[in-house]
Amino acid sequence: MIILYFLLIVFCLIHCGHSQKDEVICGLASSWLESVVLSVNIEKKGFHRELLYEVKHDPTPHVIKTLLIQRLPSGVYMDQYQLASLKEDTGLEVLLDSSVNLEDPAYVSPGFSALVYLRPAERVLQAAVPIHGRYHRPSNSGGWEKVTIEGPKLLLRPEKYETKTLPADLPHRVVKAPCTVRNQSLCSWLEIQTSLVSDSVSLKLPVGNLSLAGPVCAGTVLATLLCCALLFRSVWKHGIF
Amino acid sequence: MALTAERFIFRLLNFWVLHSLALVIRLFLVGYGIYQDKTMVVKYTDIDYHVFTDAARFVTQGESPYNRSTYRYTPLLAWILVPNIYVTPHFGKLLFVTCDVLSGVLLYRILSLQGLSSNAAGCFSAVWLLNPLPIGVSTRGSAEAVLSLLVLSTLLCLELKRLFMAAFFYALSVHMKIYPVTYALPIALYISSRGSLEGKGRSLFRILRGLFNKNVVMFAAVAGVVFLALTIAFYYMYGWDFLHETYLYHLTRRDIRHNFSPYFYMMYLSVESEWSLVLGLVSFLPQLLLLLLTSVAFYADLPFCCFLNTAIFVSFNKVCTSQYFLWYLCLLPLVLPRLRLSIKQGAGLLLLWFIGQGLWLMPAYYLEFEGHNTFVYIWLAGLLFLFINSFVMVQIISHYTPRTFHQTKKTE
């Protein structure tokens, strides 16, 4: 009984000492965590846009790996081949969780997730990820279709814990995700709830006008029949029969 | 001054000078493309070239080239580009550039066989050899030059009465892209009528009866065997993917994204309605009708017939991208010698054609890169482009002197 009690005390001491050490060593002190600010903006116009991510934090002597998990709706897509060539040219590291069809319209496409590995920096981490709009169903009056992209999840992983798993007692959710963009192994990451400067971004994509379907079909058929008749007459007149 | 200019052009049109110059220009641009790709954000190389290279890489790893999404060509193309992986990534571009210049050589040869002088043949083949459009397309890594080489080889072999080789090249070209199927009827009529003593005035019945002649059957058999052998072999290796991506995709392609076709907006708006099938069929009929009529009307002048068939096919197709224009551009030098249009008229038609393209490209740019809703303008520009294409074709047909078999016999 006494031995059990003794073991319990020792365990508590180790545990508290351990977590205290952790707070300092991994640099994930809650005060520092509150300084992390994530902002997402969407740039460019039309069907080809760019998602600009910016993570600002107070300087820390420790190296902390940052990962953004961005869930994307069916209305947009990312080109894995473009991302592969950007990785070679500019070092942008983005991993897609499934193969994304580049040509399908929005109503037959599923959403997907993109994992953006931000390069460690002193204070500000940035990434510009190109995305493209899909064609949407035409609407009854034309105009534009709004596609909303919710804010990403911010995940952190102190480098010291590369081989170990994170202690379970930290007040943040522990998530398993690929360690690097090469997707060779899974690591534990901490999901941080930060103050997002804007919760979601949206883009508007032009869509066709269903109310014009009748005139468009009639006009197209008439025009093609007219051109067909013109050519028919010319070939009939000058052809060798 | 005028004399030196004339002498310069005279020297330029010399066979070796012209073709060497064409090759040098293309090699220079390939080199420039490598430089631009390395240093600038906007790449010179076409995305298609990367698709081919990725597919070739899959082939070297023993896998299907169709693992590369958007690879919609014959596996043969991925196979011949395997040196892209083992030797140099620029091998494909050098190959396409060579095919491009060889197409020029074949154009020169066909024109010479038709009775043109060396200078005239050089002048008309320069329309292809020194034309920025095919130069740009093949130096950027697009494979259209291979197909134009195959089509021109078919025409040259038919001109030389080498039916066996013609059938072989024809089967290869149909294997690569579907549109040469539209040449089947003109070629069959051409072969069947060539030996006969009858000239004009044959009834449709007699024309069709003449199709069952020994040479036509031989041509059809050889082409059929080669095509089937390739299809069966690749189906055995790559299964359904091969059939779907190489042929069925193109046949059933209902691309609702904006393109030059006049049908684009109609297809986009009706893609999920019950009218979609009917409209698809309705849009197929003008194409079919015109192709049949043109084949029967002009088969005696095979290059002209193929040119018209291709232009009609492209203009009335449900999908039309700028790559398709090369399909009939490679046959234009064979049509020009017998075209009675003045330089001014020809330049006017060319300008009109470019204006039609420009009027489409503007709203398309605003839609894709600025996000304006310009669908109606793109649709109207597509219809206008169809009118302009039809007008240009009507002008060409009215001012052309087709070869007939009487004339062919005279030159032989």
Side-chain angles (χ1 to χ4, degrees), chain A residues 44-49 79-82 84-85 89-90 99-103 105 107-108 132-135 137-138 142-144 203-241, chain B residues 41 43 47 50-51 54 69-70 200-202 204 255-257 262-263 265-266 268-273 275 279 282-283 285-286 289-290 293-294 296-298 300-301 308 312 315-316 366-376 379 382-383 386-387 389-391 393-394 397-398 400 402 404:
Chain A
K44 295 193 179 172
K45 292 186 265 190
F47 280 82
H48 308 286
R49 309 280 187 125
D79 184 345
Q80 59 256 45
Y81 303 104
Q82 182 188 25
S85 102
D89 291 342
T90 61
S99 84
V100 178
N101 187 297
L102 307 178
E103 296 165 324
Y107 45 89
V108 297
H132 310 276
R134 291 191 190 277
Y135 255 64
R137 264 196 190 97
W144 290 260
L203 56 133
K204 282 204 181 136
L205 296 170
V207 290
N209 189 344
L210 269 177
S211 64
L212 295 177
V216 165
C217 293
T220 309
V221 171
L222 272 172
T224 45
L225 286 181
L226 182 62
C227 292
C228 179
L230 282 170
L231 274 164
F232 193 97
R233 194 185 79 139
S234 182
V235 173
W236 188 264
K237 195 168 148 194
H238 295 98
I240 305 172
F241 296 104
Chain B
V41 175
K43 308 288 179 202
I47 297 205
H50 296 300
V51 176
D54 290 342
S69 92
T70 73
K200 285 162 80 163
R202 291 202 303 170
L204 189 63
D255 211 335
I256 58 166
R257 291 173 299 166
Y263 298 111
Y265 199 26
M266 182 179 91
Y268 174 33
L269 291 179
S270 64
V271 70
E272 285 186 303
S273 93
W275 285 96
L279 288 171
V282 166
S283 45
L285 289 176
L289 184 67
L290 283 173
L293 184 70
T294 316
V296 174
F298 291 117
D301 190 331
L308 267 189
I312 287 169
S315 305
F316 286 86
Y366 277 102
L367 176 78
E368 196 172 336
F369 296 101
E370 298 286 333
H372 295 191
N373 192 323
T374 52
F375 280 112
V376 173
W379 169 62
L383 293 189
L386 177 68
F387 273 114
N389 277 328
S390 307
F391 176 73
M393 279 192 272
V394 164
I397 295 170
S398 337
Y400 186 81
T404 61

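Side-chain atoms are counted along with the backbone in the values below, which use heavy atoms only and exclude waters and symmetry mates.
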Exercise for the section: With a 4.5 angstrom heavy-atom cut-off, could you sort out which part of B:Phe375 is near chain A: side chain, backbone, both or neither? Expected result: side chain
Problem - chain A contact via B:Val376 - side chain, backbone, both or neither, heavy atoms under 4.5 Å - result: side chain
Handout entry: Segment of B:Asn389 engaging chain A (4.5 angstrom heavy-atom cut-off)
Key = neither
Problem - A:Pro206 and B:His372, any side-chain heavy atoms less than 4.5 Å apart - result: no
Practice task
Examine whether an atom of B:Leu290 lies under 4.5 Å from a heavy atom of chain A, and if so say whether it belongs to the side chain, the backbone or both; otherwise answer neither.
Solution key: side chain
Handout entry: Proximity breakdown for A:Asn101 and chain B, heavy-atom pairs closer than 4.5 Å
Key = neither
Problem - Side chain / backbone / both / neither for A:Arg49 at chain B, heavy atoms under 4.5 Å - result: neither
Exercise for the section: Check whether A:Leu210 gets within reach of chain B through its side chain, its backbone, both or neither, counting any heavy atom under 4.5 Å. Expected result: both
Exercise for the section: Could you look at B:Phe298 and say if it's the side chain, the backbone, both or neither that has a heavy atom under 4.5 Å from chain A? Expected result: side chain
Completion exercise
Interface check, chain B: of A:Lys204, A:Lys44, A:Arg137, A:Gln80, most non-hydrogen pairs under 4.5 Å belong to A:Arg137
Exercise for the section: Sort B:Leu289 into side chain, backbone, both or neither according to what part of it lies under 4.5 angstrom from a heavy atom of chain A. Expected result: side chain
Handout entry: Side chain A:Trp144, main chain B:Gly371, donor-acceptor under 3.5 Å
Key = yes
Handout entry: chain B contact via A:Leu226 - which portion, at a heavy-atom distance below 4.5 Å
Key = side chain
Exercise for the section: Heavy-atom pairs under 4.5 Å with chain B are the metric here; pick the option from A:Gly46, A:Gly142, A:Ala223, A:Ala229 that has the most. Expected result: A:Gly46
Problem - Pick from A:Gly239, A:Cys228, A:Cys217 with the largest number of heavy-atom pairs that fall under 4.5 Å of chain B - result: A:Cys228
Fill in the blank from the handout: Applying a strict 4.5 Å limit to non-hydrogen atoms, the region of A:Tyr135 in contact with chain B is side chain
Exercise for the section: Please lay out, stage by stage, how B:Ile47 and A:Gln82 fare under the test side-chain contact (heavy atoms from CB on, under 4.5 Å). Expected result: CA-CA 10 Å; B:Ile47 297 205; A:Gln82 182 188 25; over 6 Å; no
Exercise for the section: Report yes if the side chains of A:Asp89 and B:Lys43 come closer than 4.5 Å at any heavy-atom pair, otherwise no. Expected result: yes
Handout entry: Minimum side-chain heavy-atom gap A:Leu231-B:Leu293 below 4.5 Å
Key = no
Problem - Shortest non-hydrogen separation from A:Thr224 to B:Phe316 and the atoms involved - result: O-CE2, 3.7 Å
Practice task
Keeping the roles fixed (side chain from B:Tyr265, backbone from A:Val216), state whether a donor-acceptor pair exists under 3.5 Å.
Solution key: no
Handout entry: Between OG1 on residue B:Thr294 and CH2 on residue A:Trp236, distance to nearest 0.5 Å
Key = 12.0 Å
Fill in the blank from the handout: Okay, B:His50 and chain A: the region with an atom under 4.5 Å from a heavy atom over there is neither
Fill in the blank from the handout: Given A:Val235, A:Leu205, A:Leu212, A:Leu230, the one with more heavy-atom pairs under 4.5 angstrom with chain B than any other is A:Val235
Exercise for the section: Would you mind telling me which of B:Tyr268, B:Phe387, B:Tyr400, B:Phe391 has the largest number of heavy-atom pairs within less than 4.5 Å of chain A? Expected result: B:Tyr268
Handout entry: Contact winner vs chain A - B:Ile397, B:Asp301, B:Ile312, B:Asp54, heavy-atom pairs under 4.5 Å
Key = B:Ile397
Completion exercise
Turns out that what part of B:Val394 lies under 4.5 Å from chain A's heavy atoms comes down to both
Handout entry: Region of B:Leu383 in contact with chain A, defined by heavy-atom distances below 4.5 Å
Key = side chain
Problem - Shortest non-hydrogen contact from B:Asn373 toward A:Gly143 - result: ND2-O, 2.7 Å
